[in-house]
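Worksheet for the structure shown next.
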Amino acid sequence: MPNIVLVGAQWGDEGKGRVVDLIADKVDVVTRYQGGSNAGHTIVINGETIVLHHIPSGILRQGRLSVIGNGVVVDPGVLLEEIERLRSAGYVVHEENLKLSDRAHVVMPYHKEIDLAREDAMGGTRIGTTGRGIGPVYEDKIARRGIKISDLIDRGTLEKRLRSSLEERNLYLTRVLDRNPIDFEAVFAEYLEYGEKLRPFVTDTTKLLNDLISQRKSILFEGAQGVLLDVDFGTYPYVTSSNSGSGGACTGTGVGPTNIDHVFGVAKAYTTRVGEGPFPSELSGELGLKLREWGGEYGSTTGRPRRCGWFDSVGVKYSARINGISGLALTKLDVLSSFDEIKVCVGYLCDGEMISDFPSNSEVLKRCTPVYEEMDGWKEDLSVVREPSDLPIQAMAYIEKIEETTGVPVNIVSIGASRERVVYLKELFS
Ligand code: IMP
């Protein structure tokens, strides 16, 4: 198997965890490269729902190595809880099958406090973050005052770096955000203990991954969030604070681009978004509520209701272009089964002009209205479908419309949450 990057082609929650779980069977290693506990990858196995925040979904396949790369921001308390939850569900998690980068940055309590306080203070201009401290921890990384996993497992370094970071961040919390300061001693003690618990998993994952590539092992790079939330390419400022696109796979793992063979995209058969920001094909009325209920569209990390709308080919075509996506997995096609008519957004009308390219400015995108092509629904239960030939002709026409308007072949279609509810339309990596 080649080395593959898997990205979400929309605003996150496309069902990446589920697709990773399918492909993980065919690779040796699954690595996360960005994001942190803002992600919630949901997988249903034998009727049991498992939500992963930091650990790659490959952990659910026996014999696969799971790696948390340097680009991930780790909330140690959440990660330890995740390990425990997996263990109590009967999965094997130990230092042989889970590795944590010594270069990954650590989410500290003040990051979460700042995230929440800022969102409160912003009122109507808030981003709608997950409140997990993601923006503030990446800010500290870039500002060179962050704390890395390698600092967490070294008492002297942790003390020094926490003291100087906290001094500065407490000033910000108290003077700018009008919050209480955070106590050094309590955080120091708590995080020293986390460091001790995580120590067995910590390694130089850049060396590990490159050594494995030299041994011809195959790696799946699991993106979190979606390309339209990428800090460079997404609907800025309504984005997350990392590179969720395929470029992040290199900077977030230390594997060079010459070692990556394919980029695979995951897109929902419709569109969802959590938090604020433009969303041209959003359905605000009854249809949107139906999609939310039928699709169970509530955030797996925060439980927030997701905004829902029709499939937006303009956004997915753009995602495909800037990420080099060569194939798509189309998820949750079954959710559309009850509609008489289904729409695909194929362009935008913006300031009186028809456009088919995704605007780089969110203010422009806010003014765009969708131009739709209407398709017949199939109104058939898809749960029995196993082969492409079992798909209703209207469903096939819908898939072909998506291929035509995004310019990307659809290789896999999912028609339900469990592992077997999948139809392979084309060879995955030819
Ligand atoms: P943050 O990543 O918590 O800073 O949130 C920034 C934006 O990204 C908000 O609109 C969030 O709702 C969105 N976001 C972050 N993580 C996810 C995710 O895993 N799925 C969908 N949206 C997300």
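All residue numbers refer to positions in the sequence shown, counting from 1. Counting starts at 1 for both ligands and their atoms, in listed order.
Contacts with ligand 1 closer than 4.0 Å are made by backbone heavy atoms (N, CA, C, O) of Trp11 only, the side chain lying farther away.
The protein non-hydrogen atom at the shortest distance from atom 3 (O) of ligand 1 is Thr130 OG1, 2.6 Å. Of the protein's non-hydrogen atoms, the one nearest atom 5 (O) of ligand 1 is Thr129 CA, 3.4 Å. For atom 19 (O) of ligand 1, the closest non-hydrogen atom on the protein side is Asn38 O, 3.3 Å. Protein heavy atom closest to atom 17 (C) of ligand 1, with residue, atom name and distance, is Gln225 CG, 3.5 Å. For atom 20 (N) of ligand 1, the closest non-hydrogen atom on the protein side is Asp13 OD1, 3.0 Å. Regarding atom 6 (C) of ligand 1, its nearest protein heavy-atom neighbour is Val239 O, 3.3 Å. Regarding atom 10 (O) of ligand 1, its nearest protein heavy-atom neighbour is Val274 O, 3.1 Å. In this structure, atom 2 (O) of ligand 1 lies nearest to the protein heavy atom Thr240 OG1, 2.6 Å.
For the pair Arg169 and Tyr172, the cation sits on the ring face: its NZ or CZ lies under 6.0 Å from the ring centre, inside 45° of the axis.
Between Arg321 and Asp357, at least one side-chain nitrogen of the basic residue sits less than 4.0 Å from a carboxylate oxygen of the acidic one, meeting the salt-bridge criterion. The existence of a salt bridge linking Glu168 and Arg163 is excluded, since no basic side-chain nitrogen approaches an acidic carboxylate oxygen closer than 4.0 Å.
Each of the atoms 11 (C), 12 (O) of ligand 1 lies under 4.0 Å from some heavy atom of Arg304. Of all atoms in ligand 1, listed by their number and element, those nearer than 4.0 Å to a heavy atom of Ile127 are 10 (O). Counting the atoms of ligand 1 from 1 in the order shown, those under 4.0 Å from a heavy atom of Ala39 are 19 (O). In summary, the atoms of ligand 1 found under 4.0 Å from a heavy atom of Leu229, numbered by their order in the structure, are 8 (O), 13 (C), 14 (N), 22 (N), 23 (C).
Pairing each heavy atom of Thr272 with each of Gly12, the nearest pair is OG1-O, 4.1 Å. Between Tyr424 and Val422, the shortest heavy-atom distance links the atoms CE1-CG1, 3.6 Å.
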#### Entry: side chain to side chain donor-acceptor pair (under 3.5 Å) evaluation trace for Asn3 with Ser218
CA-CA 5 Å; Asn3 297 324; Ser218 60; 5.3 Å; no
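The residue among Gly128, Ala224, Gly275 with a heavy atom at the shortest distance from atom 11 (C) of ligand 1 is Gly128.
No side-chain heavy atom of Ile68 sits less than 4.5 Å from a side-chain heavy atom of Phe201. Counting heavy atoms from C-beta on, the side chains of Ile402 and Val410 come closer than 4.5 Å.
The salt bridge (charged side-chain N to carboxylate O under 4.0 Å, His left out) pairs that include a residue from residues 403-419 are Asp21-Arg419, Lys401-Glu404, Glu403-Lys426, where partners are two or more places apart or lie in different chains.
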